[in-house]
Amino acid sequence: VKKLLIADDQEGIRALVRMTLESDAYEIIEAADGNRALALAQEQHPDLILLDVMMPGQSGFDVCRALKGDPATAEITIVLLTARAQDSDFVEGQSAGADKYLTKPFSPVALLELVDQYMES
Amino acid sequence: MRTIHGSWRNLPLRGKGLVVVALPILALVGVVIWSYQAQRAEGRAGSQLNYQLKTLGAAAQVLFLTVDSETGVRGYLLTGQPAYLDPYHSAQANLGPAMKQLGALVQNQPAQRARVQGLQSLLDQRQQIMDATLASHPSAIPVSGREADLVTQGKAVQDAIRAQIGSVMAEPARQLQAGQSVANQTRSRRTVTILGGAALGIVAALVALGLFSSGVVRRIRLLQENARRLASGDELAALPPGKDEVGRLGEELEETAKLLRDSREQLKVVFEAGQMVIWEYDQPTGALSWPATQYEAESSRELIEQRPTTLEGVLGSIVAEDRPRVAEAFATVGGRGVVDVEFRAVVGAETHWFTSRGRLRAASKDEGKAVGFVLDITDLKAAEQAVRESEAHNAAILASIADGVVICDPRGEIVSINPAMEVLTGWSRCDVVGEPFDFFPMLDDKNRPIDRENQLLARTLATREPVATRGYGQSIVCKDGRMVPLAGSAAPIIDDEGKLLGAVEVLRDVTYDREVDRLKSSLVSTVSHELRTPLTMIQGFSELILSRRPSPEKEQEALRHINTSAQRLARLIDDLLTVSRIESGRAELRAVPIDLGEIVGEMVAEFAQRRHVDVDRDPDLPPVLADRDMLVQILTNLLSNAAKYSPPGTPVRLAATREGDLANIAVSDEGVGMSEAEKSHLFERFFRAQRAEVQNAGGTGLGLYITKSLVELHGGHMWVESELGVGSTFGFFLPLAVLGEKGEAS
């Protein structure tokens, strides 16, 4: 069973992702802020992280940089979820080492396809 | 006659002099010539007379000689003594030369010559008779008849000779008579000539005198009179025209008078227009005089109305505090050579400003005498004052401009900067005046130095068009090395005639603007985040419902999320609308007494899901006078801020106490807190602290602005205490609805 971490301060977003990816294939763990997300990721080594950028505590970029900078967690696939849609954010996300950048609002179907694709490979 | 008179006047003085001298001289010469001629005529008459006398003498000589010889012959004949023949021989010897002389004298007179020839033949005849007589009678007595006959014959011839000589002598005698009368005539004519000449000379002298008088003396007198009039400033009398020196002198005098009149006129205009009065001051005696009074101007004349004759007299009209200055200026004129003083004096009811300037006269005979003028400069002073005030005004304006101002000349040298520029850059005016404008290092948006020719002042000087920076990218390096972001504009200074005088640059510290600019761009992402999150949920959950046909429970949950998101969007729109209402003054307060206990209870209960709130409320607190919806919004904003900016699990407290007629309500947390700088911008629209924990927490930056505005709408005010990393307390005062005082509270 593949493990998937959702980090978003908005309970609604977490619920949406949960409901979208709900199946036997994935074990879903959640974090409501950046610090918790980093701690969970280091502790549980999920296969994929859906990481919100704007969160209390550390931002998604910070968490992403920390994980990608640490060889122990560098291989985790990180998909940034953000409402910030400016080019500078996209560039910052890339430089932080994110694998994919999804802009809110996103289609649950597209998200599911994306996650399936990463999990299989 | 008129032309003669005219040409006499036109005759040059030398000609007139010649005429005047020549007239008596000519008269004299005439008399002399005349007299000479008379004398010559007299001389001629004299020699004629002499000739006649000689002729008479010669004839008489011949007569005497014949008579002598006759007498001698008779004596001899009577006595026979030869001694009686001596006279005869002597007469015979002299008769020839005497006749020769007579012949010579009458040589040129044919009638006389004939008479003399007749006489000669008679003499010859008589000689023959004599010779015959003597020959016949060699001795004396007795006398024969023949001899008597011869004597008788001789007597006849002698008578004839006597008669002939008489006829010869008659002509000279007659001539002599005539010559005498001519001489008499000539003599009387000479007397007449001398007397007439003298009279003519006197007349000529008189005429010359008259001409001299009319042609020269009278006109010179008129000239003299005109010169006197010129000196006293009167009109000149008309002079008879004339082309001689006197006439020209008269014309030149008139010309001079005209020039003098013109220059007096000019002087008058100058003095009147210039409001001047002339003075003369004698330093040794202190005497003051006022010549040329006809040129005085009104106000200055009033100043010296009393014609003070001493300096003290003038000082009396001068404003007391200016008196010593004036007195000193005049007292020291001897040493300094000039007077130059300004003073005030009361003229009529007004105080006027005057200036007085003068200098010592150069001539040594005027030692210690100064001449100068007094000039009313009230208007000038007023204008000066106005200019000074205007300059002070302009300087004050420049100093009051909160933005830095740099003024440079056309070559780009700094002429002035204002105090704000000094504060902004740290350089003082003295440091920079005279320096080129690129003395101030400017940096572009990537902090690279901007070339001189690309700076605002260079561009505006080159193009003569106003130029301005765009955005907030440019910055200036201050004296202490700080970089201050600037927005600037520069414009050429061009006078009315289009001449470039320089340029002025206004530089504004845009540290805050740059911050606001950044905040605004972050607001865009904030608002888009705030919109996108609920939109994501609405879109995502509705798509799930539509595509997966979930179980009723799941569907219910999805719908609840959709609903919450819709409400959140509605709140965001509400916030924006509230701001708009507050700003446009359309927010309407419907204040009623509200029991705080009740409303706080409701809020805390509603909030319990997110965070526990400790309430510490004064149980005796009377109701507040507030708009219920607004009070709910105020409390909601403060409580949700407290929850948002403090870690989960940390306490949030709500306290309500009474302070006088006000209720003091405060919400505290143990969250991120704020710096002093952040606090100062806290209540500004769209302000968001530039820190991750704030940025990441989301929000529009409208909440506190709205809260504060609503509190102030109630007549209350907000307060805040905060420490970075420790926590914050936001409080506000609301008026209490004091019951009973007006009988009811509704």
Side-chain angles (χ1 to χ4, degrees), chain A residues 6-23 31-38 50-66 80-90 92-93 96 102-114, chain B residues 518 521-548 550-551 553-569 609-610 643-650 671-672 688 691-699:
Chain A
I6 308 166
D8 198 312
D9 60 327
Q10 301 287 324
E11 154 57 23
I13 299 292
R14 294 202 303 275
L16 176 63
V17 173
R18 209 165 48 228
M19 205 180 278
T20 304
L21 301 178
E22 210 171 36
S23 74
D33 60 64
N35 299 339
R36 179 79 186 133
L38 185 57
L50 289 172
L51 190 59
D52 184 27
V53 173
M54 286 170 73
M55 286 186 295
Q58 295 188 61
S59 76
F61 292 135
D62 298 333
V63 174
C64 182
R65 260 190 295 272
L80 284 172
L81 283 180
T82 181
R84 294 165 75 164
Q86 282 145 338
D87 288 349
S88 60
D89 298 328
F90 183 73
E92 192 173 354
L102 261 190
T103 309
K104 295 176 184 174
F106 54 84
S107 158
V109 175
L111 175 68
L112 181 61
E113 282 172 4
L114 181 75
Chain B
R518 221 155 62 82
S521 68
S522 89
L523 170 85
V524 172
S525 66
T526 308
V527 169
S528 80
H529 178 266
E530 290 301 300
L531 283 170
R532 277 166 194 272
T533 302
L535 269 177
T536 303
M537 290 200 276
I538 291 168
Q539 187 188 336
F541 281 113
S542 58
E543 199 176 309
L544 280 179
I545 291 169
L546 290 171
S547 64
R548 291 218 186 148
S551 63
E553 296 81 34
K554 294 274 180 196
E555 191 178 289
Q556 197 65 31
E557 191 194 342
L559 285 173
R560 205 173 55 244
H561 281 298
I562 289 170
N563 183 253
T564 309
S565 299
Q567 282 175 12
R568 195 168 153 184
L569 282 177
Q609 263 193 317
R610 285 177 68 183
K644 197 153 112 184
Y645 298 112
S646 63
T650 58
V672 295
R688 308 279 292 144
R691 284 186 285 140
E693 55 263 49
V694 175
Q695 290 285 307
N696 293 339

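Here is how names work: the chains are called A, B, and so on, in the same order as the sequence lines, proteins then strands, and each is numbered from 1.
- More than 12 non-hydrogen atoms from other residues, nucleotides or ligands lie less than 6.0 angstrom from CZ of B/R568.
- Shortest non-hydrogen contact noted between B/S547 and A/V109 is OG-CG2, 4.5 Å.
- A/M19 and B/R548 make their closest contact through O-NH1, 2.9 Å (heavy atoms, listed as atom of the first residue, atom of the second, distance).
- Ranked by heavy-atom pairs under 4.5 Å with chain A, the first of B/I538, B/L535, B/L544 is B/L544.
- More than 12 heavy atoms of other residues, nucleotides or ligands sit less than 6.0 Å from atom CD of A/E11.
- Note: A/I13 CD1 to B/S565 OG = 7.5 Å, rounded to the nearest 0.5 Å.
- No side-chain donor-acceptor contact under 3.5 Å links B/Q539 and A/S107.
- Contact annotation for A/V17: neither backbone nor side-chain heavy atoms come within less than 4.5 Å of a heavy atom of chain B.
- With values rounded to the nearest 0.5 angstrom, A/L111 atom CG is found 11.0 Å from B/T536 atom OG1.
- Nearest approach of A/A15 to B/H561, heavy atoms of both residues: CB-NE2, 3.3 Å.
- With a 4.5 angstrom heavy-atom cutoff, A/R18 touches chain B only via side-chain atoms.
- A/L81 does not touch chain B: none of its heavy atoms, backbone or side chain, sits under 4.5 Å away.
- In this structure, B/R532 contributes its side chain and A/T103 its backbone to no donor-acceptor pair below 3.5 Å.
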